[in-house]
Amino acid sequence: MSHHPSRLRLDSQALISNWRWLSAQSGNAACGAAVKADGYGLGVREVVSSLAGAGCRDFYVATWREAEALGAVAQGASLSVLHGLAAEDLPQALASPARPVLNTPRQVRMWHEQAKGRPCDVMIDTGINRLGLSPADVAAGLLDGLRIETVMSHLACADEDHALNERQLRLFEEIAQAVPARRRSLANSAGICLGTRYTFDLTRPGLALYGGLPRPEAHGWIRPVVRVEAQIVQRRRAEAGEGVGYNATFVAGAPTELAILNIGYADGYVRAFSGGVGQARVGDTLLPVCGRVSMDLTAVDVSAAPQVQEGDWLELEYDLAAAAGRSRLSQYELLTLLGSRHERRWD
């Protein structure tokens with residue numbers, strides 16, 4: 001097997017701990033898991049296997065291709081496809097145990113005509129103006145005759161104290177009463193933190209499962225799941241006045257010891273970490289990124305860690321909330337941008 005010069009160290013016990021905390025915060029509601037985007041970049045098969053072993057029974061992917069990628073891992077659990085279905089998806093959808101989340105009148109008509117009473121989920125738009133049927137669609141009887149497992153909506157601003165949260169909650173309560181579904185679902189990770197008024201019968205956390213902090217209420221409870229590590233390709237020294245990296249955006253003010261790491265923006269370690277925004281860690285010592293992050297390589301000032309050598313591994317500082325604040329990227333981006341070149345090691 002070929003060598004990977006960068007790796008993700010993934011903590012399955014932290015993942016399970018996060019789900020259990022979110023489940024407890026969900027009150028009497030079942031707690032599912034959003035595992036779209038390859039388990040938020042961490043590896044969907046391993047994520048589902050760990051969470052199913054801990055008792056999770058409801059999983060959500062975005063597309064039928066993602067559902068297919070799970071294979072038999074989710075067998076025996078409930079799997080829903082959040083984007084519903086296009087006409088091209090019908091053969092796979094009709095052959096799959098997964099359910100479409102119907103979002104448009106066209107999707108509803110296709111499923112009603114082709115699925116012959118098979119169950120589905122339904123998304124109602126209560127204010128995010130992204131995916132979902134309108135309240136008027138429901139009032140007009142569009143859903144009549146469907147066998148609906150879960151009626152759901154999605155909060156637009158749950159990570160903030162925003163007036164839209166309460167408006168969406170009240171509208172969803174009103175609409176859900178008119179939909180003959182077995183379960184109701186509104187809350188994502190941040191919505192769970194808003195309290196049990198938002199949790200209904202089923203919650204659908206994503207970000208917080210993987211170590212992200214959706215709201216301050218989760219601080220101290222959510223554990224980091226991913227650590228990013230890269231191997232040193234070369235140790236070198238930049239003399240005073242010499243530039244480092246493309247366009248010489250860093251110029252050494254004094255002789256500077258550098259480690260060139262085998263990681264770059266093609267691996268999801270993005271250019272936003274350039275110029276000292278990003279940091280590597282040796283024990284308790286933080287080492288700044290020097291110059292620009294390039295496609296495959298990143299330079300780090302290791303003057304404060306003279307013991308590190310070519311071939312050693314350094315951990316990149318990747319606390320999601322802190323890294324999001326420094327880079328001005330969202331925690332979601334920081335997770336899902338992690339590329340396919342990393343070795344993924346589950347502990």
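Note that the coordinates shown come from a computational prediction; the quantities given were computed from them, not determined experimentally. One is the number of the first residue; the rest follow in order along the sequence.
For residues 22-35, every residue pair satisfying the side-chain hydrogen bond (donor to acceptor under 3.5 Å, both in side chains) rule, not counting sequence neighbours, is listed here: Ser26-Thr203. The list of salt bridge (Lys or Arg N to Asp or Glu O under 4.0 Å) pairs with a residue in residues 274-295, not counting sequence neighbours, reads Arg281-Glu317.
The residues Arg197 and Glu173 are annotated as not salt-bridged, no charged nitrogen and carboxylate oxygen being separated by less than 4.0 angstrom. The residues Arg9 and Glu229 are annotated as salt-bridged, a charged nitrogen and a carboxylate oxygen being separated by less than 4.0 angstrom.
A donor-acceptor pair shorter than 3.5 Å can be found between the side chains of Ser78 and Arg99. The closest side-chain donor-acceptor pair between Asn247 and Thr249, if any, does not fall under 3.5 angstrom.
Contact check for Val179 versus Val122: no side-chain heavy atoms found under the 4.5 Å cut-off. Using a 4.5 Å cut-off on side-chain heavy atoms (C-beta onward), Phe172 and Arg184 make contact. In this structure the side chain of Arg237 reaches within 4.5 angstrom of the side chain of Pro255, judged on heavy atoms. With contacts defined as side-chain heavy-atom distances shorter than 4.5 Å, the pair Val44/Asp38 qualifies. Between Leu133 and Gln107, every side-chain heavy-atom pair lies at or beyond the 4.5 Å cut-off.
In terms of modelled atom types and a separation under 3.5 Å, the side chain of Gln331 and the main chain of Leu213 share a donor-acceptor contact.
For the atom pair CZ of Arg326 and CG of Leu334, the computed distance is 9.5 Å after rounding to the nearest 0.5 Å. The structure places CG of Asn18 at 4.0 Å from CD1 of Ile222, a figure rounded to the nearest 0.5 Å. The distance from the CG atom of Leu8 to the CG atom of Leu316 is 10.5 Å, given to the nearest 0.5 Å. Interatomic distance, Arg7 CZ to His342 NE2, rounded to the nearest 0.5 Å: 12.5 Å.
For Phe250, there are no ring pair (Phe, Tyr, Trp, His ring centres under 6.0 Å) partners, not counting sequence neighbours. Under the ring pair (Phe, Tyr, Trp, His ring centres under 6.0 Å) criterion, Tyr269 pairs with Phe273, not counting sequence neighbours.
In the displayed structure, Glu174 atom CD is contacted under 6.0 Å by at most 12 heavy atoms of other residues, nucleotides or ligands.
Smallest separation of non-hydrogen atoms from Cys56 and Asp58: SG-O, 3.6 Å. For the pair Ala54 and Ile16, the tightest heavy-atom approach, listed with the atom from each and the gap, is CB-CG2, 3.7 Å.
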For a quick test of your reading: what N or O donor-acceptor pairs under 3.5 Å do the side chains of residues 135-158 make, sequence neighbours left out?
residue: Asp137; atom: OD2; partner: Ser134; partner atom: N; Å: 3.0
residue: Asp137; atom: OD2; partner: Ser134; partner atom: OG; Å: 3.2
residue: Glu149; atom: OE1; partner: Arg182; partner atom: NE; Å: 3.2
residue: Glu149; atom: OE2; partner: Arg182; partner atom: NE; Å: 2.8
residue: Glu149; atom: OE2; partner: Arg182; partner atom: NH2; Å: 2.6
residue: Glu149; atom: OE2; partner: Arg183; partner atom: NE; Å: 3.4
residue: Ser153; atom: OG; partner: Ile124; partner atom: O; Å: 2.6
residue: Ser153; atom: OG; partner: Thr126; partner atom: OG1; Å: 2.7
residue: His154; atom: ND1; partner: Arg204; partner atom: NH2; Å: 3.4

Donor-acceptor contacts, no H, no angles, side chain residues 83-93, under 3.5 Å, sequence neighbours left out:
residue: Asp89; atom: OD2; partner: Ala86; partner atom: N; Å: 2.8
residue: Gln92; atom: NE2; partner: Trp64; partner atom: O; Å: 2.9

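Relative orientation of the Tyr210 and Tyr40 rings is parallel, given thresholds of 30° and 60° on the angle between their planes.
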